Each structure stands twice: as C-alpha cells, then as structure tokens.
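Every value quoted in this text rests on a predicted model; they were computed, and no experiment measured them. Numbers restart at 1 for each chain; the letters A, B, ... are given by sequence-line order, proteins then strands.
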Number of protein chains: 4
Amino acid sequence: MSIGDARTRILDAAEELFAGSGYEATPTAVIARLAQVPKGLIFHYFPRKIDVLVALVDERTLVEEGREVDAVPGDPAGTLARLARGLPLRASPAMRRILFREADTHGSVKERLGRLNGELIRRARFALELALPGARGDAARLEVAAATFAAVLLYQENLCQLTGHQIDPDAVAELIAHALG
Amino acid sequence: MSIGDARTRILDAAEELFAGSGYEATPTAVIARLAQVPKGLIFHYFPRKIDVLVALVDERTLVEEGREVDAVPGDPAGTLARLARGLPLRASPAMRRILFREADTHGSVKERLGRLNGELIRRARFALELALPGARGDAARLEVAAATFAAVLLYQENLCQLTGHQIDPDAVAELIAHALG
Amino acid sequence: MSIGDARTRILDAAEELFAGSGYEATPTAVIARLAQVPKGLIFHYFPRKIDVLVALVDERTLVEEGREVDAVPGDPAGTLARLARGLPLRASPAMRRILFREADTHGSVKERLGRLNGELIRRARFALELALPGARGDAARLEVAAATFAAVLLYQENLCQLTGHQIDPDAVAELIAHALG
Amino acid sequence: MSIGDARTRILDAAEELFAGSGYEATPTAVIARLAQVPKGLIFHYFPRKIDVLVALVDERTLVEEGREVDAVPGDPAGTLARLARGLPLRASPAMRRILFREADTHGSVKERLGRLNGELIRRARFALELALPGARGDAARLEVAAATFAAVLLYQENLCQLTGHQIDPDAVAELIAHALG
DNA sequence: CATGAATGAGCTTTCATTCAT
DNA sequence: AATGAATGAAAGCTCATTCAT
C-alpha cells in the first residue's frame, strides 16, 4: 500500500467525497474506488456506513477547549481579531464542510458542531473580559457581544461559501469593540 | 382528497419529509404514502424527484425584496430590532429548514438562500442609513454592521436550532446601534 | 404472463425451492429467475424475504379443523386406518416438506405445524371414542393411543423420508386397536 | 484459553450456535467470537464451514449400536419403558437438536439420524422378542410395535419441543405391551 | 501455529422511474 | 389524469475463504 494503510485511505476518500457530494449521496462503492480498496474492506473497519462519518468526526475534528486566549487589555478589537485568525477547530477544510453540511445527519456531528459553537462563545467572552477589565460588570452585554462574534465567525465559515457574500472579521471585531468601548 | 388537490398534497408531504429527514433520505414512495397519492402520480407532476424540491423552493419560499424598511431616524436599535421581527422570507418553518439543509443539494436552493442573505444585508444597511442619517458618510462601517446583523439573524435561524444556543436579536440590535452611535 | 400472475409464480418458485434447498439456502435471485420475474418484483409483493415463507404457509397450507371423523363403532382399527389415509392438511407435498423443514425458521411455520399436531391428536381421540363407545371411561389410555397414532403419522410424513425407514399406518392402527380392545 | 484448546472451543461454540440458530444462519465469524479464537483459526482446523458440522456429528454424537437390552421376560411394558429412559444416543441436548434440525443440510447428519432410527427399531424389536418369548412367531407384529415405539420416541425428542405437546413414553410402552399381550 | 486484514462474490433490500391500462 | 405493477440498476451489507506475516 503506497500511501498510508487501508483504513486511513478509506477515511481520506470519505472525507473528500462527503465534503463534495454529501454523506447520503456518496455510495460506499465510490469511497472504495477512490480509496483503492475492495468494497468489503470498508465494512471490515466500519460495520455501518454511518460509522465512517462518525470516525471522521471523532478522529479528524478537534474542538480545542480551554486554551488560553491571547488577550491584550485595552485592545478588545485586536483581541477579537486575533481570535478570528482561526476557529478553535483542528480540522481540514473538507472536515469543516462536513461538520456544517452533515449536522443533521447524525448526532455526533451535531454534537461536535455544538461544542465548537459553545467554545467559540466562551472564548470570545473570556477574551473580552480580559481585554476590557472595566466592563466585567456588564456581563449581559459581553455575552451578547461574544455570541455576535461567534455568529459572524460561523457564518463566515459556513454560509459565506454558499452565498458568495464576504464579511471581514477584523472589521466586525472593531465594530464590537467600539460598541463596548 | 381531503385537503387540497393531489399536487398540493404531494408538496405538503415532501415539505414535511424533506425538512425532517432530508431530501436524499426521503424516498418518493414515502412522499406518496404520506400524500395519499399513488406513486406514479408524483412523476406525473414532477418528472424527476429533484423537481419536487425545486417546486417547493420556487413556490413556497419568497424572498421579499425591496420592501420598505420601517426605520425611525435616531433609533437604530429599535429599527434593527424591528427588522429582526421577521426575516424577509415568506416560508413555513419547514421550508426554512429545507432552505438551509439542502443548500448544497441543488442550485436553486442555494440561489434562494443567497438571495435571502443579500436581501437581509441590503435591508439592514438601508435601515441603518435611514436610522442614522448622520452616519451615511461611513459607508464601510454601516456595511459591516449590516452584515453582522444579517449573520446573527441567519445564525439564529439555522445554527441555534442545531446547537441549542440562543441569541437575542434585540440585544444585538442595541449593541450594533451603540457601536454606530 | 403465460402461467398465472407474477405473485403466484413467485410463490410457486419459492415453494419448489424452499422444499428442495431450504429457506436459508435459497437466494431471492434464484426465486426470481425460476419465477421469471425481475428480482425487485419479489420485494414489491413481499417486503422481506421471510414474508414469502409466511405467505406460503398462510395461503398454501390449511389444517382442516373440526371436520367429522369417519368412525365405525366397533371397528377402531379401520377407523384409525381411514384417518391415516390423509393428514388433516391441505398442502402440496412440497409445502409439507417446508412445514417440517422450516419449523425452526419462523414462528408462523411452527404454529402451523403445532396446529396440525394438535388437530391430529384431537381427531384420533375423537375417532377412537366413537369407534370404542365402551372405552370412554378410560380417557387417559385413549389419549395415549391417539398421541401415539399422531406421532406415527407425523413420523411417517417427516422422518421416514429422511431415514429411509417405512412404517405401515394400517398395521399401527390394528396394533393400537388391539391394545384398546 | 480458559476451557479446552482452540479446536474444542470452536466446536463448543458451533454446537451452541447451530442448535440455536441453525447451520446456515450461523456465520463463522460469530463462532469465532463465541469461541474466542481468531477467525482464521477456524479454517485452520476445518477447511470449510461444513466440516465443522461434520466434525460435530462425527465426534459428538454416538449411536450406541448392539448394546444389550435390559429386557425382563414377561414384562414387555417395563422393558420398553426402560428402553425409553434414554435413546441409544450419546449426545448433548444441543447436538440432538442439531441432528434433527440439520438432517437436510448434509449427508453425514442424515446418515447419523437414520442410524439412530434403525438402532432404535432394532432395540425395540429385540427387547420385545426377549420380553415376549412366546410372541416370536409373530415377527411382523413385533416389527410394527417396535417401529411405533421408535416413532414415539423420536417424535418426543423432536416435534414435542416444537409444538408444545407432550407424550408419556411409559404409557405408550404399556399400550404397546397390552397390544402384544 | 496463529492472526486478522484482505477479498470479492453474492446477499437482501431500496428506489427512481417507466408504462400499460 | 390516474394507477400500481413492473423494472433493473445500485445500494448497503454479509460472509466464507484466503493469505501474508
């Protein structure tokens, strides 16, 4: 086997195909062909087709929880902008598409997306608390700002690709910072 | 033929099923059963299965374009909040889910969702322009605010249902208004 | 369709094949080929393979219950011998094999076989009661005689074909008559 | 390797599974799992799946041929009753089920069952000959009695479990003795 | 001997679509 | 327009068997 073992090649193929055509529209036979393995081998490693998707989500997406936030007191705009440099999500672009695309398909995908969402909000809130020490009193407003920022980031990750619209997270960061200033 | 004619009942059934299980996972036979029509009749009205989805989007979603915005000069928060009372989208809850869920399935769905997105941004921008006559000079900032608000509304419509998180559009409206104030 | 409609031809084919090779060892594809119908049509009429077997048992075996017994008072041997002329079972030889062969496969087959057994015993008991009016007092002995006769008849129907042994029901009838005489 | 060596554990597992679900419906993978051996090892000991069944029958059923019969002259009922204490078959309950259940599956099973049947009849005949020295002249009647008793015993072993009916061999023994008396 | 990944034919079942009526 | 039987390609999945290690 030239590139990786069979199981890995199956997951590679599935990742590409699920991202492109969707889980339901991707036959296992096509996964097998792309992975250059016999069809039966897929079911040796993954007893049911859905287990391929579950394995992908389990093994190839990681919501980074609890990492420290790179916050600069007095610079909420810059702090948020740095947050927007990357979602707290270790996953390939294909896996990111799968995460949003198949959130309805299986509970484990939905759960992962929900975790990402929650972590995003938590980070944004925490970053703002650090960047704006004086604003801690207004927790509700910070919460709204954090959720708004999270919404924008997920919107950018997901819908923008579908609709062709763009949104600049840095500008949103500045907007929100201004609102809290 | 209790409610509506056959074609209508087919679309009713498909709407419910596509929203619940997704387009790919819904067999035409199940649509026929729920609609209480013979299987063949579906293909009389809709030569291919995808035509059912296209017809649903065409006939049961309407992006209201160009309607006037209920803006109050000097009250950007209230103006945005009123915008958030309802998306410029005439569609049942089921059709809304279909719009987001099947945006990858067929071009016409994606186009409709993109149209909704564009209209949302346009309205938000226009509303802010009216509510903040003095801010017209800073078009870029208005644009960002509008896009942010649109992102929040679509996020609420789509992801919140999946992840269980909530966001209060009125609070976001106030936040944005404050940022622009 | 030359001989019978498709559903009938499917059942005909299944009857022949289940009797010959057994239910588990008979692929639906072979049924379809013998019946000269496309494979998919089998599942149009019988959603699952087991439904073919159930339909066969339901529609092509009939345990004749409660029919009068041709009893001659004073001639228990002849009366039992007449009983042995035919089991109270309307079914082709193939269906008879299926009934015994697949009794473990599905509840409905087992139930039918149990009904046959029960009816056989009931008839034998009733026949003996009529043929031996004076013996009614010894109900237990009649019961044993009836069960013995039933066992012999089922043994003849089932095991004899497997083992190559033969048993003459008329001689058993006479033996039992003698025992009760 | 808690109980026995691998080969024994494979046979143990197969015995249990074949008795419960039937030969055809039992995958070798399930046998391997229950036996706690790797899948490939089964085919090391038994090149084909059917060889597992053949080995079971060969090694775990024994038709006891030619053993002396515990006959008491003048007491045919007791003699038969003692015969009914146990079939001339050394085999676990599971193997007994397999013997009847899979008689159609493979020649060796059918042969063993036929042998059991023959031995049963031979013993019953011999027992009756010894118990009724005066009846030796009427060989035909003895033969019928023996076959009847064999039929009852096999019926009890096989069908009774399926149909829920019971039959008391002792009472049958007495009935037959009475018939010959 | 022992192992479990690998194989591929074949299984039951699904399903969009057609078509005679 | 209305019907449901008919079609067959393709789906997910099973499984006895092989084989390199």
What is the distance from CG of A:Asp5 to P of E:dG4, rounded to the nearest Å? 16 Å

Measuring from the side chain of A:Ala29 (C-beta onward, heavy atoms only), which nucleotide among E:dT13, F:dA11, F:dT7 has the closest atom? F:dA11

Rounded interatomic separation in angstrom, taking CD1 from D:Ile31 and P from F:dA16: 8 Å

Rounded distance in Å - CZ (A:Arg7) to C1' (E:dG4): 15 Å

For the pair A:Arg101 (side chain) and A:Tyr23 (backbone), establish whether a donor and an acceptor sit closer than 3.5 Å, ignoring hydrogens and angles. no

Expressed in angstrom and rounded to an integer, what is the separation of B:Ile10 atom CD1 from F:dA2 atom C1'? 11 Å

Do the side chain of C:Arg96 and the main chain of C:Ala91 share a donor and acceptor less than 3.5 angstrom apart? yes

D:Phe46 atom CZ is separated from E:dC1 atom P, nearest whole Å, by 13 Å

When you check the phosphate oxygens OP1 and OP2 of F:dT17, does a side-chain N or O of D:Arg48 lie under 4.0 Å from one of them? yes

E:dG8 - base-pair partner by Watson-Crick or wobble geometry, distances under 3.5 Å: F:dC15

Between E:dT18 (P) and B:Phe43 (CZ): distance, integer Å: 8 Å

What nucleotide, of E:dT7, E:dA2, F:dA6, holds the atom closest to the side chain of D:Leu41? E:dA2

If you find the nucleotide of DNA chain E closest to C:His44 and the one closest to A:Gly40, which residue's nucleotide is nearer the 5' end? A:Gly40

Are the side chains of D:Leu99 and D:Val109 in touch, meaning some heavy atoms are under 4.5 Å apart? yes

Quick one: does any side-chain atom of B:Arg112 pair with a main-chain N or O of B:Thr61 as donor and acceptor, under 3.5 Å? yes

Below 4.5 Å, heavy atoms only, C-beta onward: do A:Phe46 and A:Leu11 meet side chain to side chain? yes

OP1, OP2 of E:dG4 versus side-chain N and O of A:Tyr45: anything below 4.0 Å? no

Just to confirm, is there a sub-4.0 Å distance from OP1 or OP2 of E:dT12 to any side-chain nitrogen or oxygen of C:Lys49? yes

Closest of E:dT7, F:dA16, F:dA6 to the D:Pro27 side chain is F:dA16

Between C1' on E:dT17 and NZ on B:Lys39, what's the gap in Å once rounded to a whole number? 10 Å

Is there a Watson-Crick or G-U wobble partner for E:dA20 with both distances under 3.5 Å, and which nucleotide is it? F:dT3

When the nearest nucleotide of DNA chain F is assigned to A:Ile50 and to D:Pro47 on a heavy-atom basis, which residue is associated with the more 5' position? A:Ile50

In whole angstrom, give the distance that lies between atom CZ of A:Arg9 and atom C1' of E:dA6. 11 Å

Of the listed E:dG10, F:dT17, F:dG4, the closest approach to the D:Thr28 side chain comes from F:dT17

